[in-house]
2 protein chains.
Amino acid sequence: MIKKDTITAIATASGTGAIAVIRLSGREAISITDKIFVSKKNKILSNQKAYTIHYGEIVDNKKIIDDVLISIFKSPHSYTGENSVEISCHGSVHIQQKILELLINKGARLAQAGEFTLRAFLNGKLDLSQAEAVADLIASSSEASHRIAVQQIRGGFSNDINKLREQLLNFISLIELELDFSDEDVEFADRSQLENLINKIENHVGKLIKSFKLGNVIKNGIPVAIIGEPNVGKSTLLNLLLNDDKAIVSDIAGTTRDAIEDVVAINGINFRFIDTAGIRETTDTIENLGIKRTYQKIENAEIVLLMLDAKDKKAKLKIDSIVEKTKDKKLILVVNKIDTIEQTTSFDKIEKLTPIYISAKYKNNTKQLIDALLDSVNYSSINKQDTIITNTRHYEALSNAQEAIFRVKDGLHTNISGDFLAQDIREIMKFLGEISGEITDNEVLGNIFKNFCIGK
Amino acid sequence: MIKKDTITAIATASGTGAIAVIRLSGREAISITDKIFVSKKNKILSNQKAYTIHYGEIVDNKKIIDDVLISIFKSPHSYTGENSVEISCHGSVHIQQKILELLINKGARLAQAGEFTLRAFLNGKLDLSQAEAVADLIASSSEASHRIAVQQIRGGFSNDINKLREQLLNFISLIELELDFSDEDVEFADRSQLENLINKIENHVGKLIKSFKLGNVIKNGIPVAIIGEPNVGKSTLLNLLLNDDKAIVSDIAGTTRDAIEDVVAINGINFRFIDTAGIRETTDTIENLGIKRTYQKIENAEIVLLMLDAKDKKAKLKIDSIVEKTKDKKLILVVNKIDTIEQTTSFDKIEKLTPIYISAKYKNNTKQLIDALLDSVNYSSINKQDTIITNTRHYEALSNAQEAIFRVKDGLHTNISGDFLAQDIREIMKFLGEISGEITDNEVLGNIFKNFCIGK
């Protein structure tokens, strides 16, 4: 699987910039660059030390293409673990393409998406979950998703899992030893110790699985549907959230989501506010289509922010049906325009929900609303730096492991024979091993890396 | 004018990439980076050698922001001539912004557009025309514009001018010496030698001025209006040019041009084909609006490609009026669809133009057409590597110099007094000096660098 050819790609964002970086990796990375590089001091790159920078020109048949800086990295002390070169050139698209072309003419091959990181994995520089975190890191658009990716790159998560796997391996050896001595009915593997370990693993895996729901919404932004009648103040509220010292993340690429009105980062977490404007609900009748569309939007939301007008007491009448329809969501009840009335008692405790009384116009009580949003996503647990799973592949591996764990526990309780027990333990190990890539296949690798950008 | 503070900016193209580069320049560039960098080997960047690379983490209050590579450059051996640092980080927009923020918090200032190159100029690393060529290089979207920019960065153009200036300076000294001895009516400055030099300068400046027309169209793409009746085969021809091994340059930023149909790079020169589709010209009458719009498009073109249908002999009737209206353009007459007729004699020599007979459909004779396009822009002179002026500021300075040259020549012929002569020579010197920035002011500098991208 490990390829020895030299790959190259433009590593910086596409388009024109002040500078751009083209990278190469592979045994011939430095010698291929030497073929198109003329140093200002007649230096041969292949003779230079690792971690040094060299100024000179990229030339094509004596025609100068650009002034560049060349950075040299040598195996194994590089990102990929291979000889590597970074060419820092002027950021014209024409120049970038031209240099890439020259490198390919001189023997390099255009890298596939994620191929640099794939090589880092194959050369043992990163485990698979760390490699995946590199892609997450590049895609991270909020502080929280960034923090989770950084943590995952540090490898704490897969280290813990690997330690548990090693302990399991011990038990398997002992159980398999028992099988060799099956006639004698001995028990080398202490079943209660094994049960302790399995419980420990179950607990750990359970926590990680539980964290996925949070991790997934952090990674993709937490969908919040704001529903309410026209003029209830939805856009005033949204503008308030947008302007109140929070960053606007305007454009998340590669998604096929519903119409997104705005993404607002609050305390480093992206909330995606889903537009439900134009869905009119009257107190008497709700048009069929209107209901349908509103509930479709609610379906995609994690949080439903139901806004009422403090003046409009009749609105109360339908809240019970909305509460019914949003049973599996976090429902936040917001009563807006408290500046227009004298008393707010009329709304106290609607369907067991404590409303948050605000005036979006005068910015009253908005802190309370923001706290409610953050509470809904377990913000405090994010800050405790618990490990949070964001990757669907990890989630599936953990879920599979969990099922195998349940089988092992059942087996221990029913005193299952050693060979069946060993088989289920091996299953746990297999699924846990998939996360860090201890156990993997080409198809899985292909799926993971095809979603990377080229140049990484 | 030389500022001592430390500036920083993202230097790579905006958006998400595999990696991004943030640069700093200024006395404190390295020490500011030290404040947010933790080396894997406990290295202090300030103690490291120039042209070395260091791996470590960017941290904010012990929170890890990213794994980075730091490149160190020391005054005067850097692009700007100052201490400089390049931080190569993961290419998430969030990370880029975060690191930039940290650098600013630790004492750097966000660089203005072109400020790195401005500093390179102020520190004597580049003259002004070379600095301008850096911007041209980054913007270059064709081989020809790229080549001209590279040549200008090499400085040949301003070197030549500076040598001529120095020789003029000699003469001025001599003439001013004469003025000191004005009572004695001596002539230290040999007038015929001076005239020789002035002629040499006139010749040189004249060539450069003449090259501007070509340079300007190369830089911006050569506008070609294809006119002809509907169904004459305009789009077939365009598709042919686009697909026939030529690169498509789809998007040139920052232009306020007319509707552009397509930019086709032929032999490294960008031709901008201007859409005149939908402008119907009948043989009998031409609608008033149609004429107006067609001729507006022609007005903006350098080259007019008039297409006729080989079958449609009546079309000939109006050609004389088009020839009349395009007197100052290159007019290329193309007779298409020669595959549909047996004889082509009927079109020979229309209004003294030799038509090019093609079949866009069957790709007949297109090489001839391409040669005609290249001839119209003096392609051969581009390849001779003559200096070509592309910059309006240079053009204006040269035109002003030319006027002063004419005054000096007049003065020599009319035996003008030495003090007037010296004054006109000083004028030449001043205008020539503006090109390389020997003579400049803050306003001019401001105008030049404000059009750069940030980070360069």
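Just so it is clear, the structure is predicted and the values come from calculations on it, not from any experiment. In what follows, chains carry the letters A, B, and so on, assigned in the order in which the sequence lines appear, proteins first and then strands, with residues in each chain numbered from 1. Basis for what follows: all heavy atoms, side chains included, without hydrogens, waters or symmetry-related copies.
With a 4.5 angstrom heavy-atom cutoff, B:Gln48 does not touch chain A via any of its atoms. Within the 4.5 angstrom heavy-atom criterion, only side-chain atoms of B:Glu86, from C-beta onward, approach chain A. Only the side chain of B:Ile95 comes within less than 4.5 Å of a heavy atom of chain A; its backbone N, CA, C and O stay farther away. Contacts of B:Ser145 with chain A are absent, with no heavy-atom separation under 4.5 Å from either backbone or side chain. Within the 4.5 angstrom heavy-atom criterion, only side-chain atoms of B:Phe73, from C-beta onward, approach chain A. Looking at B:Ile72, the atoms closer than 4.5 Å to chain A (heavy atoms on both sides) all sit in the backbone: N, CA, C or O.
Scanning both residues, A:Gly17 and B:Cys453, for their nearest heavy atoms gives C-SG, 4.3 Å. In terms of heavy atoms, A:His94 sits closest to B:Ser142 at CE1-C, 3.7 Å. What you find for B:Ala18 and A:Ile138 is that their closest heavy atoms are O-CD1, 3.6 Å.
Of the listed residues B:Ala139, B:Ser140, B:Gly15, the one with more heavy-atom pairs under 4.5 angstrom with chain A than any other is B:Ser140. Chain B forms the most heavy-atom pairs under 4.5 Å with one residue out of A:Val150, A:Ile454, A:Ile10, A:Ile153, and that residue is A:Val150. Taking chain B as the reference chain and counting heavy-atom pairs below 4.5 Å, the highest number among A:Ala135, A:Ala9, A:Gly455, A:Ala11 is found for A:Ala11.
At distances below 3.5 Å, not a single donor-acceptor pair connects side-chain atoms of A:His90 with backbone N or O atoms of B:Val134.
The CD1 atom of A:Ile53 sits 13.0 Å away from atom NZ of B:Lys49, with the distance rounded to the nearest 0.5 Å. Expressed to the nearest 0.5 Å, how far OG of B:Ser78 lies from CG of A:Leu69 amounts to 10.0 Å. Put simply, CD on A:Gln151 and CD1 on B:Ile64 are 9.5 Å apart, with the number rounded to the nearest 0.5 Å. Taken to the nearest 0.5 Å, the NZ atom of A:Lys40 stands 14.0 Å off from the NE2 atom of B:His77. Between B:Ile65 atom CD1 and A:Glu143 atom CD the span is 7.0 Å, to the nearest 0.5 Å.
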